[in-house]
*Asks:* 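First, the structure itself, so that you have it in front of you.
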2 protein chains.
Amino acid sequence: MPRNRRPVPREEKREELLAAAAELFVVDGYEATSMTRLARRAGVTPNTLYWYFRDKDELLVAVADRFTDALLHEHASLTGRPLAAQLSWLIHRLRPVRHLVATMHGRVAVSDAVRTWHTGFHTTFEALFTRQLPGPIATDRRPAEIAVATFALEGAITHDLDDETTRQLCAVVADRLHHAATVATTPRPE
Amino acid sequence: MPRNRRPVPREEKREELLAAAAELFVVDGYEATSMTRLARRAGVTPNTLYWYFRDKDELLVAVADRFTDALLHEHASLTGRPLAAQLSWLIHRLRPVRHLVATMHGRVAVSDAVRTWHTGFHTTFEALFTRQLPGPIATDRRPAEIAVATFALEGAITHDLDDETTRQLCAVVADRLHHAATVATTPRPE
DNA sequence: ACCTGAACACCGTTCAAGT
DNA sequence: ACCTGAACACCGTTCAAGT
């Protein structure tokens, strides 16, 4: 009865488990998805999950990775469009998984795997923003300007904003970045 | 042996439990603090906690409330100082409890009590920012400008930024708000 | 009203055993 | 190498019983 040594290649099986995890994590949330229920959905014993993933956090990271890959791939076709439009697209694309975004942040302090992933995620998006700008930002303020843009993006994903405010937020962030990129450094007073 | 009907007034006892919860939540984190351990620290049975708080989330909210009250009280003495300085103060004051901030966000989708608290927290800080500005922001962009400032603040608390970037971020956000408050609405192109 | 000791239904994870 | 059934040590929460 137990189907051991199934002929399914490892990568394929892993992908099956990942697909089940992705669906449950997004629909029901990370906390509400127990390993037992997830295993049942995937048609395996809870134990089996641990053959393919170290723990639940690594499963979460793998799901996030898969999603981010797809996101960046889709985003590639948006190059050339205004930055505000790109931001708007990203926000609407990430809103459905806002719970996962919040969960990742909550687990940064708990899991090494999540912390590492989170750092990489920010590096990716900071690079993405930097690339889109018409000119280089004055070096002293660059990290802060990019950080503000990234945090605004994260905030817009994880918080409830109406459509109009979301549009304005994209415009505000894009304006700010363009301004910082095109204007020379002005020494702040005081 | 069991000390029932202790003569300690309800509010005082509640405060004791709250103090224990605050310490453990901050030092060890919310998830790492089990109700059992928390009860032991406070010198009671786990059960007793439920006499004073509906559940663990309500305990979390009560801790956050206590902290926010203290924060706003201390902040009151900063009125009149530059906005960037106030931001910097808030960030450094909130960084030690960054894990709690992240936890709150993660539980917004899980707990009604947390969701309600979170909404109130944002309302408070949006009002605080609005009050500090020299002039009214053009009404159409105001919610977005305030949202960007709030999200930047949250991001700076929950993410690792070096001191210099943190300073610059405060300056960027303050600049942005002042600019939006003093300049008339400029219709965006396109 | 307040508090206990004991239980309940779970949870993520691991282990001995099978093929 | 892969997978199972059964267990382990917990978890948040509740309940009957005491004062």
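This is a predicted model, so every value here is computed, not measured. Throughout, protein chains are lettered first and strands after them, A, B, ... in sequence-line order, and every chain is numbered starting at 1.
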*Asks:* In terms of side-chain heavy atoms of B/Ser34, which of D/dG12, C/dG12, D/dT13 is nearest?
*Replies:* D/dG12
*Asks:* From C-beta outward on B/Arg10, which listed nucleotide comes closest to its side chain: C/dC2, C/dT13, D/dC2?
*Replies:* C/dC2
*Asks:* Of the listed nucleotides (D/dC2, C/dC3, D/dT4), which one gets closest to any side-chain atom of B/Thr48?
*Replies:* C/dC3
*Asks:* Distance check needed: C/dA9 P versus A/Arg37 CZ, whole Å only.
*Replies:* 19 Å
*Asks:* Report the C-alpha distance between A/Arg115 and A/Asp57 in whole Å, list the side-chain angles of each, state the deciding distance to 0.1 Å, and finish with yes or no for salt bridge (charged side-chain N to carboxylate O under 4.0 Å, His left out).
*Replies:* CA-CA 10 Å; A/Arg115 179 163 45 252; A/Asp57 282 302; over 6 Å; no
*Asks:* Quick one: A/Arg40 CZ to D/dT4 C1', roughly how many Å, whole number?
*Replies:* 16 Å
*Asks:* With a cut-off of 6.0 Å (strictly less than), are more than 12 heavy atoms of other residues, nucleotides or ligands near CZ of A/Arg81?
*Replies:* no
*Asks:* Tell me whether the OP1 or OP2 atom of C/dG5 has a side-chain N or O from B/Thr45 closer than 4.0 Å.
*Replies:* yes
*Asks:* Considering Watson-Crick and G-U wobble pairs with both distances under 3.5 Å, what does C/dC10 pair with?
*Replies:* none
*Asks:* A/Tyr52 has a side chain; which of D/dG12, D/dC3, C/dC2 sits nearest to it?
*Replies:* D/dC3
*Asks:* Let me know the distance between CG of A/Leu49 and P of C/dC11, rounded to the nearest Å.
*Replies:* 13 Å
*Asks:* Could you check how far CD of A/Glu58 sits from P of C/dT13, rounded to whole Å?
*Replies:* 11 Å
*Asks:* Given the ring of A/Tyr50, does A/Lys56 sit roughly above its face, with NZ or CZ under 6.0 Å from the centre of the six-membered ring and within 45° of the axis?
*Replies:* no
*Asks:* Tell me: CZ of A/Arg54 to P of C/dG12, nearest whole Å?
*Replies:* 18 Å
*Asks:* Given atom CZ of A/Arg14 and atom C1' of D/dA1, what is their separation to the nearest angstrom?
*Replies:* 16 Å
*Asks:* Taking the inter-plane angle between the rings of B/His122 and B/His105 on a 0 to 90° scale, is it parallel (under 30°), tilted (30 to 60°) or perpendicular (over 60°)?
*Replies:* perpendicular
*Asks:* If you check the A/Met35 side chain, which of C/dG12, D/dC11, D/dC3 turns out closest?
*Replies:* C/dG12
*Asks:* If the cut-off is 4.0 Å, is A/Lys13 near the phosphate of D/dC3, judged by side-chain N/O to OP1 or OP2?
*Replies:* yes
*Asks:* Whole-Å distance between D/dC10 C1' and A/Lys56 NZ?
*Replies:* 15 Å
*Asks:* Ignoring backbone atoms, test whether A/Trp51 places a side-chain nitrogen or oxygen under 4.0 Å from the OP1 or OP2 oxygen of D/dC3.
*Replies:* no
*Asks:* Scan every strand shown for a Watson-Crick or G-U wobble partner of D/dG5, both distances under 3.5 Å, and answer none if you come up empty.
*Replies:* C/dC15
*Asks:* Treating Ile, Leu, Val, Met, Phe, Trp and Tyr as nodes and any side-chain heavy-atom pair under 4.5 angstrom as an edge, say whether A/Leu100 and A/Leu71 lie in one connected cluster.
*Replies:* yes
*Asks:* Write down the distance between CD (B/Glu31) and C1' (D/dC10), rounded to a whole number of angstrom.
*Replies:* 14 Å
